[in-house]
**Q** 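First, the structure itself, so that you have it in front of you.
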Amino acid sequence: MESISCRSLGGMIIWCMVCYLTLASSSSQAKPKGILANKGLASGSVKPPKSGYLPEPNSASIPLNPGLSIASGNYYVKLGLGSPPKYYAMILDTGSSLSWLQCQPCALYCHAQADPLYDPSVSKTYKRLSCASAECSRLKAATLNDPLCETDSNACLYTASYGDSSLSVGYLSQDLLTLTSSQTLPQFTYGCGQENQGLFGRAAGIIGLSRDKLSMLAQLSTKYGHAFSYCLPTANSGSSGGGFLSIGSISPTHYKFTPMLTDSKIPSLYFLRLTAITVSGRALGLTAAMYRVPTLIDSGTVITRLPMSIYAALRQAFVKIMSTKYAQAPAYSILDTCFKGRIKSLSAVPEIKMIFQGGADLTLRAPNILIEADQGITCLAFAGSSGSNQVAIIGNRQQQTYNIAYDVSTSRIGFAPGGCH
């Protein structure tokens with residue numbers, strides 16, 4: 001069965017990940033009905049990934065894959081680390097700053113991962129950073145946790161923690177990062193995890209793409225500029241879905257842009273202004289003031305979360321149309337708007353449009369609107385925020401197949417449909 005859990009980052013931001021749990025064993029993870037195959041994840045050293053879609057001048061592009069094969073509801077890239085490089089499945093997360101991966105000797109604990117563990121001792125370019133390093137002093141802003149100092153070695157220790165008790169703790173380190181066979185970054189700063197626990201599937205770790213100085217984006221910006229784009233393929237498309245992550249220049253002619261906003265409490269995350277939602281072309285009937293809530297877009301969140309005042313209106317409008325054609329089903333975890341049938345059998349799903357400041361929009365059809373929560377049960381892939389939380393998060397289900405551009409240098413976010421090829 002599929003369970004859906006919620007995280008909070010630093011007690012302020014809630015984001016959801018779908019964790020696929022096997023029916024056969026509590027120690028391994030799989031998709032319902034045992035069809036979660038480990039595809040495209042060769043062990044050990046592998047060839048560098050070919051450059052992905054959208055090769056703009058002065059950019060680096062690599063394939064971006066759905067995470068079902070590594071038991072995650074998120075998306076991963078294969079990145080090389082070390083000299084000589086070895087490649088690891090890393091979850092792409094625009095809501096995280098510090099990148100980290102599990103490292104030998106795993107002094108406390110490492111979860112099972114698809115690739116062999118990274119061994120810093122065999123890399124010619126590996127380096128632990130000291131407590132006096134500038135990078136160590138930036139950890140508080142990146143992780144919301146104070147750095148620690150290992151007394152004997154003077155090594156800087158990071159802690160990346162999440163509201164569901166997931167965490168990674170280890171040595172702040174540097175090594176050679178390989179994006180493609182011809183595009184590398186010396187002295188890439190990341191966390192070498194010695195205790196790693198939580199809902200990470202079988203990924204080796206996380207790649208942080210926020211606006212913080214320790215993020216991978218910031219570290220690559222001197223070479224490629226302060227911008228990136230991606231297309232998230234559909235969740236069941238495998239490695240042939242045409243997904244990509246492109247670091248660097250963006251062709252503005254393809255996109256409709258909305259301003260990139262900054263929240264002073266969490267300045268590293270990507271906020272934008274949601275101005276309206278329509279269902280089958282009809283507005284929800286909410287006032288403009290009701291949409292004025294902090295809204296962020298996050299690749300590491302699966303299900304879009306809305307404040308209850310907005311979500312209740314969306315649910316009512318959606319159910320009003322769907323219930324005339326399909327039988328309703330009981331709620332499933334945080335998903336309370338469910339119907340009997342599979343996505344492919346629900347052919348008359350009303351279009352939902354999310355409209356942002358300046359006219360940019362996400363026009364959503366059935367694959368972006370619905371998610372199969374269990375065999376024969378399909379639910380609206382939106383949920384209401386709990387309690388008094390008044391933050392909206394645009395999840396990756398709604399972002400699928402769009403080209404999404406983050407032009408940090410000009411503070412704007414762009415959307416273009418039909419992006420994965």
**Q** Inspect cysteines C156 and C136 and report if their side-chain SG atoms are under 2.5 angstrom from one another.
**A**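 Looking at C136 and C156, their sulfur gamma atoms lie closer than 2.5 Å, so the answer is yes.
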**Q** Just how far is it from atom CZ of F415 to atom CZ of F257, taken to the nearest 0.5 Å?
**A**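 One finds 10.0 Å between CZ of F415 and CZ of F257.
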**Q** Just jot down the side chain to side chain donor-acceptor pair (under 3.5 Å) partners of R315, sequence neighbours excluded, or say none.
**A**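 Expected list: D336.
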**Q** Just by distance, do the side chain of R412 and the backbone of T258 share a donor-acceptor pair under 3.5 Å?
**A**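 Judged by distance alone, no pair lies under 3.5 Å.
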**Q** Give every residue pair that meets the salt bridge (charged side-chain N to carboxylate O under 4.0 Å, His left out) criterion with at least one member in residues 216-237, sequence neighbours excluded.
**A**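 Output for this query is empty, none listed.
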**Q** Which value, rounded to the nearest 0.5 Å, describes the distance between R365 atom CZ and Q400 atom CD?
**A**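 That separation rounds to 14.5 Å.
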**Q** Is the backbone N or O of G208 less than 3.5 Å from a side-chain atom of S99, with the two atoms forming a donor-acceptor pair by type?
**A**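 Checked: pair present.
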**Q** Of the non-hydrogen atoms in L64 and L245, which two are nearest, and what is the gap between them?
**A**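 Of all heavy-atom pairs spanning L64 and L245, the closest is CB-N, 4.0 Å.
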**Q** Restricting to non-hydrogen atoms, name the atom on N196 and the atom on W100 that form the minimum distance, rounded to 0.1 Å.
**A**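 Nearest heavy atoms, N196 then W100: OD1-CZ3, 3.6 Å.
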**Q** Under 3.5 Å, is there a donor-acceptor pair between the side chain of S123 and the main chain of P120?
**A**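 Between the backbone of P120 and the side chain of S123 there is no qualifying donor-acceptor contact (under 3.5 Å).
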**Q** Can you find a heavy atom in the side chain of V169 that is under 4.5 Å from one in the side chain of Q194?
**A**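 Answer no - side chains too far apart.
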**Q** Return the CD to CG distance between E372 and L346, rounded to the nearest 0.5 Å.
**A**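 The CD atom of E372 sits 8.5 Å away from the CG atom of L346.
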**Q** Flag the pair I297 / F356 as yes when at least one side-chain heavy-atom distance between them is below 4.5 Å, and no otherwise.
**A**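 No, too far: nothing below the 4.5 Å cut-off.
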**Q** Less than 2.5 Å separating the SG atoms of C338 and C379?
**A**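 Bridged: C338 to C379.
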**Q** Would you say Q390 has more than 12 foreign heavy atoms packed within less than 6.0 Å of its CD?
**A**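 It does: Q390 CD has more than 12 such atoms within range.
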**Q** To check you understand the geometry: which heavy-atom pair defines the closest contact between I206 and M90, and what is its length?
**A**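 Shortest heavy-atom separation between I206 and M90 comes out as O-CE, 3.6 Å.
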**Q** Can you name the closest pair of heavy atoms from D361 and I355 and give their distance?
**A**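 In this case the closest contact between D361 and I355 is CB-CA, 4.2 Å.
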**Q** Tell me, with the steps shown, if S210 and S97 meet side chain to side chain donor-acceptor pair (under 3.5 Å).
**A** CA-CA 5 Å; S210 77; S97 298; 2.7 Å; yes
**Q** Could you give me the CA-CA distance, side-chain angles and deciding distance for L79 and M216, then say whether side-chain contact (heavy atoms from CB on, under 4.5 Å) is met?
**A** CA-CA 12 Å; L79 292 178; M216 187 178 81; 4.0 Å; yes
**Q** Between the side chain of Q102 and the main-chain N/O of L117, is any donor-acceptor distance below 3.5 Å?
**A**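 No: the side chain of Q102 does not pair with the backbone of L117.
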**Q** If I compare all heavy atoms of G248 with all of S59, which pair ends up nearest, and what's the gap?
**A**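 G248 and S59 have their closest heavy atoms at CA-CB, 4.0 Å.
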**Q** Can you list the residues that meet the side chain to side chain donor-acceptor pair (under 3.5 Å) rule with D152, with sequence neighbours excluded?
**A**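 Partners of D152 under the side chain to side chain donor-acceptor pair (under 3.5 Å) test: none.
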**Q** With sequence neighbours excluded, what pairs up with P259 under the side chain to side chain contact (heavy atoms under 4.5 Å, CB included) test?
**A**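 Side chain to side chain contact (heavy atoms under 4.5 Å, CB included) check on P259 returns L261, Q357.
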**Q** Give every donor-acceptor pair under 3.5 Å between a side-chain atom in residues 185-193 and any protein atom, sequence neighbours left out.
**A**
from	atom 1	to	atom 2	distance (Å)
T189	OG1	Q174	NE2	3.1
Y190	OH	Y118	OH	3.1

**Q** Is D115 salt-bridged to K78, going by a charged N under 4.0 Å from an acidic O?
**A**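 Yes.
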**Q** Measure from the ring center of Y230 to the ring center of Y75 and say whether it is less than 6.0 Å.
**A**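 No, the ring centres sit 6.0 Å or more apart.
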**Q** Short question: side chain of S83, backbone of K124 - any donor-acceptor pair under 3.5 Å?
**A**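 Checking the backbone N and O of K124 against the side chain of S83, no donor-acceptor pair under 3.5 Å is found.
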**Q** For A392, check side chain to side chain contact (heavy atoms under 4.5 Å, CB included) against everything at least two apart and list the hits.
**A**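 By the side chain to side chain contact (heavy atoms under 4.5 Å, CB included) rule, A392 matches V293, T295, L306, P307.
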**Q** Looking at T222 and Q219, what are the two nearest heavy atoms and their distance?
**A**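 Looking at all heavy atoms of both residues, the closest pair is OG1-O, 4.0 Å.
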**Q** How many angstroms lie between OG1 in T301 and CD in Q399, if you round to the nearest 0.5 Å?
**A**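 The OG1 atom of T301 sits 8.5 Å away from the CD atom of Q399.
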**Q** Take T337 and Y311 through the test side chain to side chain donor-acceptor pair (under 3.5 Å) and record every step on the way to the result.
**A** CA-CA 11 Å; T337 307; Y311 176 68; 3.0 Å; yes
